[in-house]
2 protein chains.
Amino acid sequence: MPAPNRDQLHQRLTDAGLRATQQRIAILEALLVLPGHPTAEQVFRSVRPANPTVSLGTVYKALDSFVAAGLLKRVADADGTRRRYDTDCSNHHHLFCQETQEIIDYCDPKLDQLLQEFFASRGFDNFQPHSFSLHISGNKLDTRKDVKPR
Amino acid sequence: MPAPNRDQLHQRLTDAGLRATQQRIAILEALLVLPGHPTAEQVFRSVRPANPTVSLGTVYKALDSFVAAGLLKRVADADGTRRRYDTDCSNHHHLFCQETQEIIDYCDPKLDQLLQEFFASRGFDNFQPHSFSLHISGNKLDTRKDVKPR
DNA sequence: TTCAGTGCAAACCGTTTGCACTAGA
DNA sequence: TCTAGTGCAAACGGTTTGCACTGAA
C-alpha cells in the first residue's frame, strides 16, 4: 500500500465527516503504514517521534471515531487481550501468525464463493448469519518476508 | 449436555492430572452448564451462591489450569475485551450472536472437508497454516431458543 | 468565534500476582 | 505430612473518562 500524502489523508478524513487535525492525519498515516494490524500502543509509538505532544488518550479517541466513521474495523487479537485495527473494511479473512502475532489480511473471492454456495444449501435453525470470516492460524516461514496467497 | 454428577466431575479432573477440589468441581460444573461460552465473571456468579467462599481469583486460577490441562480452550469474544471459555477442545467453528453475545459451537465435518480440499490446492507463499476456524456473525431469531444446524 | 478535538491524569475493569493459610492426596 | 490449591488484597495493563485548553472550520 503506497502511503498517501498529507492532502490525501486530510481528504479521507473530511470525506468520512471527521475534522482533519494534525493528530488524526498522523494516526491515520500510521495505521496505513504499520503492518499486521497494529494495536493502539503501536500506533502511539509510531506517531510519537514526529508528534511528541500526541497522547495515548488521543490515539484511543481517534481510533474510536475512525471506527464509528467506518474508516476502520476493530479486530480481536488471538488471545483476546488487546484490540487491533484493520484499515480494510471490506469483508475478508485473516491469517494469524503465532510467532510474530501479526494478523495478515486474506482476500479470496473463490473462497467467498465457496462459503456462500455451501451455506446457501445448509442453513441454521434460529440463526440468521450475515458475515463469514475464516481465521487461519499458523506460522510465517520467514518472519521478515511477506505472505502471499498462491 | 447432561450435567455430570460430582463423581464424574471429580474423575474428569483427576484424569486430567488435576487435584479435585470442591472449588474446581463447582467451576467445572458451571462451565459445562452455562450456555454460550461463559466469561470468568459469569462462572464466578454461577458458582458463588452454592459456594460463598470461592473467590474470583480462584476462578481465574482454576480456568488457567483447566486450559493448561487441555480441559478447556480460551476463546476471544467478538470485541476482544474479555476471555471466554470453551469446554469443547476439538476443532470446530463458532456462531457469534450479536444480540445476546453468545458464542455457539458449530461442528460440521462437511465444512471441514470442504475447507481442507480448498486449501490443499491453494496454499500460501511463506505461511504454513495449521488450523482453520470459521467465525459466523449474525443473530438468533428467538433469543430464548437454541440454535441448530439444519 | 465556536465547538469538536486534544492532553493530561485519574478512574475503570478484566486479569494476574504474592503470600499466608487450607485441604486433598 | 506435604505441597498444590485457596482467599484475599494489592498490582497490572489496556482502555475510558472528566475537564480545562486549543485549533480547525
Side-chain angles (χ1 to χ4, degrees), chain A residues 6-7 9-28 30 37-48 50-69 71-72 74-85 101, chain B residues 6-7 9-28 30 37-48 50-69 71-72 74-85 101:
Chain A
R6 277 191 110 64
D7 283 355
L9 293 166
H10 190 290
Q11 189 65 39
R12 220 140 136 169
L13 289 168
T14 51
D15 285 355
L18 296 172
R19 209 181 263 194
T21 64
Q22 298 305 316
Q23 295 86 335
R24 287 182 171 179
I25 291 171
I27 290 166
L28 183 55
H37 302 64
T39 63
E41 185 75 34
Q42 287 171 327
V43 170
F44 176 64
R45 283 207 303 272
S46 158
V47 159
R48 211 73 210 287
N51 311 62
T53 81
V54 171
S55 73
L56 185 55
T58 295
V59 171
Y60 275 106
K61 284 172 184 167
L63 292 172
D64 283 351
S65 37
F66 290 4
V67 170
L71 236 44
L72 230 51
R74 257 197 268 266
V75 175
D77 71 348
D79 67 352
T81 46
R82 62 183 83 191
R83 290 177 171 173
R84 309 280 211 95
Y85 294 88
Q101 301 275 60
Chain B
R6 276 190 112 64
D7 283 355
L9 293 166
H10 190 292
Q11 189 66 38
R12 220 139 135 169
L13 289 167
T14 51
D15 284 355
L18 296 172
R19 210 183 263 194
T21 64
Q22 299 303 317
Q23 293 87 334
R24 286 182 172 178
I25 291 171
I27 290 166
L28 182 55
H37 302 63
T39 63
E41 186 74 35
Q42 287 171 326
V43 170
F44 176 63
R45 283 205 304 271
S46 159
V47 159
R48 211 74 209 288
N51 312 63
T53 81
V54 171
S55 73
L56 185 56
T58 295
V59 172
Y60 275 106
K61 284 172 185 166
L63 292 172
D64 282 350
S65 37
F66 290 4
V67 169
L71 237 43
L72 230 51
R74 257 196 270 266
V75 176
D77 71 348
D79 68 352
T81 46
R82 60 184 83 191
R83 291 176 172 173
R84 309 281 211 94
Y85 295 87
Q101 301 275 61

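Chain identifiers are assigned alphabetically (A, B, ...) following the order of the sequence lines, protein sequences preceding nucleic acid strands; residue numbering begins at 1 within each chain.
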Worksheet item: Nearest-Å distance, CG (Asp77(A)) to P (dG14(C))?
Response: 17 Å
Worksheet item: How close or far is atom C1' of dG7(D) from atom CG of Asn51(B), stated in whole angstroms?
Response: 14 Å
Worksheet item: What nucleic acid atoms does Ala62(A) come within less than 4.0 Å of, heavy atoms only: base, sugar-phosphate, or nothing?
Response: nothing
Worksheet item: Whole Å only: how far is the NZ atom of Lys61(A) from the C1' atom of dT16(D)?
Response: 8 Å
Worksheet item: Just to confirm, is there a sub-4.0 Å distance from OP1 or OP2 of dT6(D) to any side-chain nitrogen or oxygen of Thr21(B)?
Response: yes
Worksheet item: If each of Thr14(B) and Gly80(A) is mapped to the nucleotide of DNA chain C with the nearest heavy atom, which maps nearer the 5' terminus, i.e. the 5' end?
Response: Gly80(A)
Worksheet, complete the sentence: From CD1 of Ile25(A) across to C1' of dT6(C) the rounded distance in Å is 14 Å
Worksheet, complete the sentence: Regarding the side chain of Arg83(B), the nearest nucleotide among dT16(C), dT6(D), dT15(D) is dT16(C)
Worksheet item: Given side chains that start at C-beta, do those of Leu28(A) and Arg12(A) come closer than 4.5 Å, heavy atoms only?
Response: yes
Discussion item. Reading DNA chain C from 5' onward, which residue's closest nucleotide shows up sooner: Pro52(A) or Tyr85(B)?
Written reply: Pro52(A)
Fill in: Phosphate OP1/OP2 of dC8(D) contacted by Ser55(B) side-chain N/O (<4.0 Å)
no
Item to complete: Decide yes or no for Tyr85(B) and Val75(B): does some side-chain heavy atom of the first lie under 4.5 Å from some side-chain heavy atom of the second?
Response: no
Worksheet item: With respect to the side chain of Tyr60(A), which nucleotide from dT6(C), dT16(D), dG7(D) is positioned closest?
Response: dT16(D)
Worksheet item: Does Arg83(B) pair with Asp64(B) as a salt bridge, N-O distance under 4.0 Å?
Response: no
Item to complete: With the side chain of Arg19(B) defined as its heavy atoms from C-beta on, choose the nearest nucleotide among dT6(D), dG24(C), dT15(D).
Response: dG24(C)
Item to complete: Would you kindly give the CD-to-C1' distance between Gln22(B) and dG7(D), to the nearest whole Å?
Response: 16 Å
Worksheet item: Given side chains that start at C-beta, do those of Phe44(A) and Ile27(A) come closer than 4.5 Å, heavy atoms only?
Response: no
Discussion item. Can you measure Phe44(A) atom CZ to dG7(C) atom C1' for me and round it to whole angstrom units?
Written reply: 11 Å
Response to the item:
Walking DNA chain D from its 5' end, the first of Arg24(B) and Gly57(B) to be reached, judged by nearest nucleotide, is Arg24(B)
Worksheet item: When you check the side-chain N and O atoms of Gln11(B) and Arg6(B), is any donor under 3.5 Å from an acceptor?
Response: no
Discussion item. By the 4.0 Å heavy-atom rule, please label Thr53(B) as base, sugar-phosphate, or nothing.
Written reply: sugar-phosphate
Fill in: Gap between atoms CG and C1', on Leu56(A) and dT17(D) respectively (whole Å)
13 Å
Practice prompt. Rounded off to whole Å, could you give me the CD-to-P distance for the Gln11(A) and dA24(D) pair?
Written response: 17 Å
Worksheet item: Is any side-chain nitrogen or oxygen of Gln23(A) closer than 4.0 Å to OP1 or OP2 of dA24(D)?
Response: no
